[in-house]
Structure formats: C-alpha cells, structure tokens
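Start at 1 and go down the list; that is how both ligands and their atoms are numbered.
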Amino acid sequence: MSEDTAVDQQVVPGLGWPGSAGSAEPGLGWPDVSRETQPSHVAAHPPSAPDVAEDRAGEDGQLDVAAANGVPTAAQVASSFAPDENANHPVAQASAHATAVHDRRPLRRHLARPAATRRLVVANQKGGVGKTTTAVNVAAALAQHGLRVLVIDLDPQANASTALGLEHPEGTPSAYGILVDGTPIVEIAVECEAVPGLVAVPATIDLAGAEIELVSMVARETRLRRSLDAYLAAEDEAGRRVDYVLIDCPPSLGLLTVNGLTACDEMLIPIQCEYYALEGLSQLLRTIDSVKEHLNPGLRVGAIVLTMFDGRTRLASGVADEVRSHFGDLVLKTAVPRSVRISEAPSYGQTVLTYDPGSVGALCYLDVAVELSEQREDEG
Ligand code: ADP
Ligand code: MG
C-alpha cells in the first residue's frame with residue numbers, strides 16, 4: 001500500500017476526525033518555529049477545463065456529473081464489491097466519503113438562531129491562513145440558512161469585500177469611517193446582493209492609514225465595539241436582530257485587529273495545515289490575554305478551524321493532530337480541504353457557497369457553520 005493511501009484511510013477531509021487527545025494550555029510550550037508559509041494563489045481567470053477536472057476529480061462534484069451522464073457513480077461501482085473484501089479499496093473509500101457528504105446535505109437545512117447575537121472575530125496574524133475565506137464563507141453559510149449576519153471587513157486589502165461582491169474603491173464608506181470618523185455602522189453597511197440576509201461593512205485601502213491615525217485617538221481600541229453595540233441594539237429594537245457578526249482581521253496584531261478583538265466575545269482562529277502552522281500562535285494567544293486583561297474580559301477562543309487540509313499528505317494530518325493535541329475540543333471536527341473552487345470564488349466576487357454550492361468546499365463551510373451553531377447549543 002502506498003504512503004498516500006495509508007494516510008487517506010485514516011483521515012477523510014471534511015468528514016470529521018478521530019477524537020482529540022489532550023487539552024490546550026494556551027501560551028505554553030509552543031514549538032519554536034520561524035518560517036513563513038506562502039499563501040495560495042487565487043485563480044484570476046474563468047474556470048478552465050483542467051481546473052474543473054482537478055476539483056471534480058478530488059471532490060464529490062465528479063459524482064454529480066457522472067450520474068447526470070448515466071455513468072455509474074463511484075458509489076455504485078463500490079457497492080458492487082463485497083464490503084469486507086474491499087473496504088480498503090480506494091474506490092470504496094472515495095464512495096464512503098462522497099456518500100457521507102451527500103447523505104448529510106438534508107440535515108443542513110435548519111440552523112438554530114443563537115439566544116443572543118454572537119460576535120466572532122476571525123484572527124490570526126499570519127497571512128494567507130484562510131481568515132478571509134473562513135469569514136465570508138461561514139457568513140454566507142449562516143445567511144443561506146435564514147440567519148441574519150453582519151460581516152465587517154477590517155483588512156485594508158479588502159479581500160472579504162471582494163469576495164462578497166462589494167464595491168470598495170478608495171473613499172467608499174467603509175470601516176475606516178466607523179473607526180476614524182465615528183460614522184454609525186448603519187450608514188455604511190450594505191446588503192450583499194448574492195446572499196440575502198448578509199449585510200457587510202466593506203474595507204478600503206484607507207484603512208491602512210487608520211492604523212496610524214487611531215494611535216492618537218481617545219478610546220482607540222474600543223471604537224469599533226461602541227459602534228457595534230449601538231448598531232446591534234438599534235437593529236434588535238427594530239425587530240431585526242442580528243444573529244452573527246463576523247469580523248475579518250488583517251494579518252497583524254495592530255490596532256485594527258485589537259479593535260476586532262475588543263468588539264467580539266469569541267475568536268475563530270483559522271490554522272492552515274502546513275508545516276510551521278503553529279508559528280506565531282503563542283504570540284496571538286498572548287495578545288488575546290492582554291486584550292482580555294485590559295479591554296475585553298469576556299473574550300475567549302470560540303473555535304479553531306483547520307484550513308487547506310490535504311488528506312493525501314502525512315504532513316497535513318500531522319499538523320492537524322498537533323493542533324488537536326494542543327487545543328482539544330476547540331478544534332472543529334470539519335477540516336476544510338484545499339479546493340480549487342474555494343480559491344476561484346473570490347475572483348468572481350462570490351463566496352464558494354454561491355459560486356459552486358455543491359462543491360466539497362461549499363459543503364465543508366456549511367459544516368463549519370453547523371458546528372459553530374451547534375457548539376453554542378451544546379454549551380447552553
Ligand atoms: P488570509 O485572510 O488569512 O490572509 P485567505 O482567506 O485570503 O487568507 O486565503 C489565502 C489564499 O488561500 C487565498 O488565495 C484563498 O483563496 C486561498 N484559500 C483559502 N482557503 C482555501 C482552500 N480551502 N482551498 C484552496 N485555497 C484556499
Ligand atoms: Mg484576509
């Protein structure tokens with residue numbers, strides 16, 4: 001048996017993981033790591049045949065196409081094998097993966113509204129780990145299930161604004177206005193056309209200056225919190241209670257991120273399944289401790305989501321195991337796989353939930369949203 005096959009048998013992307021060992025001791029005993037991982041490239045072109053083939057070959061979409069053409073699906077082929085003899089056969093495993101993904105679709109229809117608005121800040125000072133991708137796709141998944149969601153883009157690069165199809169040339173009313181001019185969120189937030197129920201505050205490049213302008217301002221770390229408190233209270237009063245707020249942070253621990261951390265109760269930390277994935281996490285945890293102590297005592301790590309997971313490599317499984325052994329149940333069971341569809345969607349101004357709703361990437365982000373919503377129910 002090849003090395004890759006051996007790994008595939010242990011871990012199926014997006015289908016849940018074996019139980020985690022150990023619990024986290026945040027800030028303690030992190031490995032001394034120092035190398036940067038590189039962000040993936042966003043395809044800036046329409047889907048080409050090879051891209052489609054690549055995504056479909058590795059994901060469930062292939063089965064849809066095959067079924068539509070009257071070609072036997074992997075599930076049908078696999079069911080012709082005697083189960084005991086062939087349980088380890090790659091086709092049977094692919095089938096088990098695909099069947100599980102398809103079988104679970106109907107279960108995702110209803111997500112409970114949380115008892116009160118949940119505010120999640122998506123942060124990790126490392127760039128290219130999937131913060132923006134996670135923020136916009138989780139937001140879209142929640143909104144597609146009838147929940148009211150607000151996304152705030154706090155990154156001057158405005159990638160979340162792009163992914164949500166929002167205009168964001170310099171000077172557009174944006175998070176800059178909230179932080180620097182004190183403009184109310186209601187005057188800046190716009191409906192996201194492709195996803196009903198999703199409202200967003202865009203970012204512009206002006207935000208790059210806000211980091212410096214905020215330094216000399218009064219209450220510089222709590223400006224977003226105040227604005228958000230006022231907006232949420234007004235929406236609530238008007239009978240439009242927001243269910244989830246997701247804030248997408250820049251890849252730094254400066255005042256923009258601190259404003260995000262101060263405005264929220266929970267952190268959603270994406271960790272890319274790459275070597276040295278834990279680099280900088282101890283610094284992030286120290287920043288959280290500092291924000292907790294001085295600005296926002298209620299802040300906690302709500303969840304960690306593993307991103308860009310490639311089940312064919314021992315490396316990704318090893319990183320995932322290590323993260324789980326440090327953080328225990330904080331790590332969501334769903335690991336988001338590397339997916340061409342996920343990386344293509346922003347270049348069309350879309351989330352993967354609207355770009356290719358049946359793709360494994362979209363289904364996995366739905367799973368992440370489901371896990372997040374159920375997590376709170378479990379706690380209650
Ligand atoms: P961050 O916001 O942390 O900098 P992004 O969400 O922008 O990270 O992701 C970095 C790059 O990786 C982007 O090009 C994005 O499209 C791509 N990417 C993120 N998640 C995935 C995934 N699961 N599969 C493929 N590409 C991904
Ligand atoms: Mg980003």
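Between Val336 and ligand 1, no N or O atom pair is found at a separation short of 3.5 Å. Residue Lys131 places at least one N or O, backbone or side chain, under 3.5 Å from an N or O of ligand 1. The shortest N/O to N/O separation between Thr134 and ligand 1 does not fall below 3.5 Å. For a threshold of 3.5 Å applied to N or O pairs, the pair formed by Thr132 and ligand 1 contains at least one separation below that value. At least one N or O atom of Gly130 sits closer than 3.5 Å to an N or O atom of ligand 1.
Closest non-hydrogen pair, Ala203 versus Ser161, comes out as N-OG, 3.0 Å. Looking at every heavy atom in both residues, Ile152 comes nearest to Val245 through CD1-CG1, 4.4 Å. Of all non-hydrogen atoms in Cys364 and Ala335, the two that sit nearest each other are SG-O, 4.3 Å. Ala160 and Asp248 get closest at one heavy-atom pair: CB-OD2, 3.6 Å. Pairing each heavy atom of Pro270 with each of Thr134, the nearest pair is CB-OG1, 4.2 Å.
Each of the following atoms of ligand 1 lies closer than 4.0 Å to a heavy atom of Gly128: 1 (P), 3 (O), 4 (O), 8 (O), 10 (C). Each of the following atoms of ligand 1 lies closer than 4.0 Å to a heavy atom of Val129: 1 (P), 3 (O), 8 (O). Residue Pro337 approaches ligand 1 through these ligand atoms, each under 4.0 Å from one of its heavy atoms: 22 (C), 23 (N), 24 (N).
Pro251 places a side-chain heavy atom less than 4.5 Å from the side chain of Asp155.
Comparing heavy-atom distances from atom 9 (O) of ligand 1 across Leu306, Asn159, Asp155, Thr133 singles out Thr133 as nearest.
Although no hydrogens or angles enter the test, the distance criterion places no donor-acceptor pair under 3.5 Å between the side chain of Gln144 and the main chain of Val195.
Among the backbone and side-chain atoms of Thr132, an N/O/S atom is found under 2.8 Å from the Mg ion (ligand 2).
Within the structure, the closest approach of Pro251 to ligand 1 does not fall below 4.0 Å when heavy atoms are considered. Within the 4.0 Å heavy-atom cutoff, Gly361 does not count among the residues contacting ligand 1. Distances from ligand 1 to the non-hydrogen atoms of Thr307 include no value under 4.0 Å.
Using modelled atom types, one finds no donor on one side chain facing an acceptor on the other under 3.5 Å when comparing Thr183 with Asp181. Judged by distance alone, the side chains of Glu221 and Thr262 never bring a donor and an acceptor atom under 3.5 Å apart.
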